[in-house]
Amino acid sequence: MLIFYPFDITYKIKNDHAIIYLYGKTADNSRVCVTYTKFQPYFYAQTDASPIDIKKIRVPYAQGTAEIVDIQQVEKNFTGKSVRLLKIFTKLPQHVPIIKKELERSRTTCYEADILFTRRFLIDHRLTPLSAVQATGSFTNERSKVPVFEATELVSTETQRQPESRILAVDIETYNPGKGMNMEKYPIIMIAFYGLENSQPFKKVLTWKKFPVTNDYTEFVQGEFEMLQRFKEIIDEYKPDILTGYYSDGFDLPYIITRARKYQLQLDISLDYTVLDNDKRDIKEIKINGIVHLDIFQFVKHVIGRSLKTGSFKLDDVAAEILGERKHVVDMDALASVWDSQSDALAAYAEYNLQDAKITFDLCKKLLPNIEELAKIIGLPLFDVSRMSFSRLVESYIMTQTSVHNELIPNKPDDSSMANHRAKTYVGGFVYQPTPGLYENVAVFDFRSLYPTIIISHNISPSSLRCGCCNDVIAETKDWFCKKKKGFLPLVLEDIVTRRARIKELMKAGSNLMLESRSNALKLLANSFYGYLGFAPARWYSFESAENVTALGRQYIQQVIAAAQSSNFSVIYSDTDSIFMRLGEKSTADARSFVEKINATLPGVMELDYEGFYPAALFVSAKASSAGAKKKYAMLNEHGKLKIRGFETVRRNWSVVAKQMQLRVLEIILKEKDTKKAVAYTKELIRSIREHKIPVEQMLISTQLTRPIESYGSIGPHVAVARRIVQRGTPVPPGTIIHFVVAEGSGVVRDRAFAPDELGQRKYDADYYINNQILPSVDRILEVFGVDIKNESALHQQKSLSAFFG
DNA sequence: TTTTTGCGGGG
DNA sequence: GTGTACGCAAAAA
């Protein structure tokens, strides 16, 4: 008997039979491989044909003949109804699509024929990666880098202490003269590793030219071939559970594989000696049997990217935000020539290489708890969850729950259904447009998890839609959902919410990283549910469900608005799930009791939260309209902090002086409620700019080049500056941020834009900055108070601020 | 204007 | 591996 924690799974065909291979660790931290031979591939068919006739089907194909080994009759739930199906077992996994295609030639619909064999195994045996599994059986002498245990029985068991994973990060530097990459032509010149060995950092940089170093981690080898051999050895010796890289699916590992093939070097780092091979598809995923290859870039892009402030997923930007640590700065364009001249400067590149491996390691370590908890909840290996988008994570979770509820998994929509799904649109959240103005004593309410709670409380799902037993019609859509029998999807979502509530309770008693990560993973799944229903390629796509979720959302928010108004609160603004209202004569206690009153009327788990009280709030008008702008406001909370949404204060392509000024004007208005002071401040700043008293650093405007410099048709100021930088011999690749100042003179702006070091004795163009940076950043704010800052003569006509408080 | 292509990440 | 991203911006039609 053996208890182990699986983290990787694959299967192999031996003697015309599929064998499952589970790789994992035992509680005492040793690596093990557990095999299982008794799992048979299958799918479902809905057909009038007799099982006896079907069982005779034989389909020859390139590698043999596809055969059916057994057929069972089963019943499953499908969109609220019970359906009779044949469960068809085939000899090998690859026979499933072949037999399925044959059956579909004769009025037969097949289901679950595209569920991968290893996933099917995990779902059916209720085995969860990283959770303890008890195996009965014995060790064999199969050739492998870790002991192989052949199991006759596998049962998931009470989780003990999950062993910690050994992580090794890898990063390569390549010889790359000119532009573009060429893996076939140019060699790898350095490979860096970063790990942890007995709580000490494990550092190593391999390279094949000698240069003086002051560190002990650089190892010099004969040439690229020897370096690749050492790469293999180091991985075999370090014995990582997780091999991590940044874009290693698309760059580092394909590069290493391509170079190894050139030397006919067998890259057999897999625990079963399988030689690594390039993925030939568009979507590269490099799998190493027995070692989890985690490409951190994939997880960042698919899962946490949306919650990051940085729009760029470059290693430098992501590490800066998540770790507060950056890449080293070296001139990458010069690497090839430095390498050719064997310069001492190569030492700096070795340090750069190691730093990349280090921050990749740190990112992996930091994000691993989140990936592990997702893997445990969804029941898929780390390799898979780390590469999945939100919708696929939700879908995989729902798929694991089908076996609990005896539900049949719907097929993926075909191309034409998907096109139909995409073509249909429905109305989104309700927005109550604000009237521009400064408001005092504002209370903000919001619905806690509005869409998930609507789905649960109203039983929104395809199987409960327009049932035969109920008739509680949703006013706007004339649809209804069953009140008696809970649908499969709302049950699954309710379970997620309940599990998260339990974890929140545990966290009150004592929080830890695992509970936090688990709570985050469940929150992510719950919040993705509504989006999944309206996602065109979703198996459980349901236009009516998605449409009715937003319809009910609008209905509830409008009910709250109406109730607030009849209780003499005046509503200022509302967007989808939040309501902003002026207290007027009422107190915050009145606001809280209003929330209680509303909650007494809400069904199921729906709940309105009292989000907070704000002594002052400013709403400005939208461009070219007197109506208030959506999602653009500034508020002052009770602790004197500003909450700013939608203003330009954070945008890069505004000068520091304009951003600071906008922030200061908002502060004066919200904290001191003194429009005259704000106007005076603005005029004073304009005067300082006119007199060139503001340092030029504050005048820098930063714009990112999004394309190669040659490809720009219209030459903006940043392009003009970039062109001159190129002329001086420094390449300016796409993504470079160009800083420039607009100087005095005649002609178009682009002829007067200069990089800071080109500026010399030139002065910045005060009028340009006043008209294009200062005034646009404050005129919409001051306009609220009747101040036309663009027309100075109008400054005398300003109303007193008190006129704006009711 | 609509449709098609190509990029991101990596050196 | 019982499979074939995705969402957007720029270029082309």
Side-chain angles (χ1 to χ4, degrees), chain A residues 9-13 18 39-44 66 88-101 110-121 170-183 185-190 245-256 277 279-285 287 289 295-302 305-306 311-318 327 330-336 338-339 349 352-353 356 360 384 387-392 409 411-412 418 422 535-537 706-708 711-714 731 733-735:
Chain A
I9 180 167
T10 185
Y11 79 95
K12 279 176 216 204
I13 308 295
F39 190 64
Q40 203 64 40
Y42 68 86
F43 66 103
Y44 298 104
I88 299 176
F89 292 86
T90 65
K91 190 162 188 186
L92 292 177
Q94 49 266 52
H95 294 172
V96 169
I98 298 167
I99 303 281
K100 171 202 171 224
K101 215 171 156 193
C110 298
Y111 294 96
E112 306 198 12
D114 58 352
I115 316 292
L116 305 183
F117 187 58
T118 52
R119 290 194 50 189
R120 170 102 278 166
F121 168 80
V170 180
D171 183 65
I172 67 170
E173 305 303 325
T174 63
Y175 184 83
N176 182 229
K179 51 182 189 293
M181 307 255 175
N182 193 333
M183 299 189 186
K185 195 166 170 191
Y186 298 120
I188 300 169
I189 56 183
M190 290 177 187
Y246 200 85
Y247 199 49
S248 41
D249 267 344
F251 183 70
D252 301 73
L253 289 184
Y255 215 125
I256 289 169
D277 200 4
D279 201 322
K280 288 146 203 84
R281 304 167 301 158
D282 282 1
I283 314 98
K284 301 224 185 311
E285 290 179 356
K287 179 148 168 48
N289 291 339
D295 181 347
I296 289 301
F297 163 71
Q298 299 275 23
F299 187 68
V300 167
K301 188 175 104 175
H302 290 131
R306 304 215 71 177
S312 135
F313 299 146
K314 287 172 167 47
L315 177 57
D316 189 47
D317 296 319
V318 171
K327 282 162 77 103
V330 292
D331 183 357
M332 283 315 288
D333 299 303
L335 176 54
V338 172
W339 179 260
Y349 290 93
Y352 166 90
N353 192 193
D356 274 12
T360 302
D384 300 76
R387 287 169 176 76
M388 282 180 159
S389 56
F390 283 109
S391 50
R392 298 287 170 211
I409 299 172
N411 287 325
K412 288 182 197 156
M418 235 151 43
R422 281 189 234 277
F535 178 56
T706 53
R707 294 181 272 146
S711 75
Y712 278 90
S714 63

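Computed from heavy atoms alone, side chains included, the values below leave out hydrogens, waters and symmetry copies. Letters A, B, ... are given to chains in the order of the sequence lines, protein chains preceding strands, and every chain is numbered from 1.
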Inset, instruction - Please report, rounded to the nearest Å, how far the P atom of B/dG11 is from the CD1 atom of A/I189. - result: 11 Å

Legend entry - A/M418 vs A/K412 side-chain heavy atoms within contact, under 4.5 Å: no

Inset, instruction - Spell out yes or no: do the side chain of A/Y247 and the base of B/dG10 have one donor N/O and one acceptor N/O closer than 3.5 Å? - result: no

Inset, instruction - Answer whether the closest heavy-atom distance between the side chains of A/N176 and A/L335 falls below 4.5 Å. - result: no

Inset, instruction - For the side chain of A/N176, starting at C-beta, report the closest nucleotide among B/dG11, C/dT2, B/dG10. - result: B/dG11

Inset, instruction - Indicate, with a heavy-atom threshold strictly under 4.0 Å, whether A/Q298 touches base, sugar-phosphate, or nothing. - result: nothing

Inset, instruction - Assign A/F313 to base, sugar-phosphate, or nothing according to its heavy-atom contacts below 4.0 angstrom with the strands shown. - result: sugar-phosphate

Legend entry - Any A/K327 side-chain N or O less than 4.0 Å from OP1/OP2 of B/dG11: yes

Inset, instruction - Send over the distance from A/D249 CG to B/dG8 C1', rounded to a whole Å. - result: 14 Å

Inset, instruction - Identify, with sequence neighbours excluded, every residue that meets ring-ring contact (aromatic ring centres under 6.0 Å, His included) alongside A/F535. - result: none

Legend entry - Rounded interatomic separation in angstrom, taking OH from A/Y246 and P from B/dG8: 14 Å

Legend entry - Of the listed nucleotides C/dT2, B/dG9, B/dG11, the one nearest the side chain of A/F297: B/dG9

Inset, instruction - Please work out if A/Y42 contacts a base, only the sugar-phosphate, or nothing of the nucleic acid, heavy-atom cut-off 4.0 Å. - result: base

Inset, instruction - Could you tell me whether A/I172 contacts a base, only the sugar-phosphate backbone, or nothing, with contacts defined as non-hydrogen atoms closer than 4.0 Å? - result: sugar-phosphate

Inset, instruction - Remember a base hit wins even if backbone is also touched, and classify A/K284 as base, sugar-phosphate or nothing at under 4.0 Å, heavy atoms. - result: nothing

Legend entry - Touch class at under 4.0 angstrom, heavy-atom based, for A/M332 against every strand present: sugar-phosphate

Inset, instruction - Return the value, rounded to whole Å, for the distance between atom NE2 of A/H95 and atom P of C/dG1. - result: 18 Å

Inset, instruction - Sequence neighbours left out, what passes side chain to side chain donor-acceptor pair (under 3.5 Å) with A/D384? Give chain and number order. - result: none

Inset, instruction - Would you kindly give the CG-to-C1' distance between A/L253 and B/dG9, to the nearest whole Å? - result: 14 Å

Inset, instruction - Rounded to whole angstrom, note down the P distance from B/dG9 over to C/dA10. - result: 14 Å

Inset, instruction - Give a yes or no on whether the ring-centroid distance for A/Y247 and A/F297 is below 6.0 angstrom. - result: yes

Inset, instruction - Report which part of the nucleic acid A/D331 touches: base, sugar-phosphate, or nothing (heavy-atom distance under 4.0 Å, all strands). - result: nothing

Legend entry - Atom P, compared across C/dC6 and C/dG1: separation rounded to whole Å: 15 Å

Legend entry - Separation of B/dG10 P from A/Y255 OH (nearest whole Å): 15 Å

Legend entry - Side chain to side chain, A/K284 and A/D295, heavy atoms closer than 4.5 Å: no

Inset, instruction - Using whole Å, report how far NZ of A/K314 lies from C1' of B/dG9. - result: 8 Å

Legend entry - Side chains of A/L116 and A/P93 in contact at under 4.5 Å (non-hydrogen atoms): no

Inset, instruction - From the options C/dT2, B/dG11, C/dG3, select the nucleotide whose nearest atom is closest to the side chain of A/E285. - result: C/dG3

Inset, instruction - Look at all strands and tell whether A/D295 reaches a base, only sugar-phosphate, or nothing, counting heavy atoms closer than 4.0 Å. - result: nothing

Legend entry - Spacing of the C1' atoms in B/dT5 and C/dA5 (rounded, Å): 16 Å

Might you list the N or O atoms of the protein lying below 3.5 Å from N or O atoms in nucleotides 4-6 of chain C, with each pair's distance?
from: C/dT4; atom 1: OP1; to: A/K412; atom 2: NZ; distance (Å): 3.4
from: C/dA5; atom 1: N1; to: A/K301; atom 2: NZ; distance (Å): 3.1

Inset, instruction - Would you indicate what A/P97 reaches in the nucleic acid, counting non-hydrogen atoms under 4.0 angstrom: base, sugar-phosphate, or nothing? - result: sugar-phosphate

Legend entry - Interatomic distance where CG belongs to A/D316 and P belongs to B/dG8 [whole Å]: 17 Å

Inset, instruction - Looking at every strand, decide which applies to A/L315 at a 4.0 Å heavy-atom threshold: base, sugar-phosphate, or nothing. - result: sugar-phosphate

Inset, instruction - Flag yes if more than 12 heavy atoms outside A/K101 fall under 6.0 Å of its NZ atom; otherwise flag no. - result: no

Legend entry - Heavy-atom side-chain proximity of A/M190 to A/Y352 below 4.5 angstrom: no

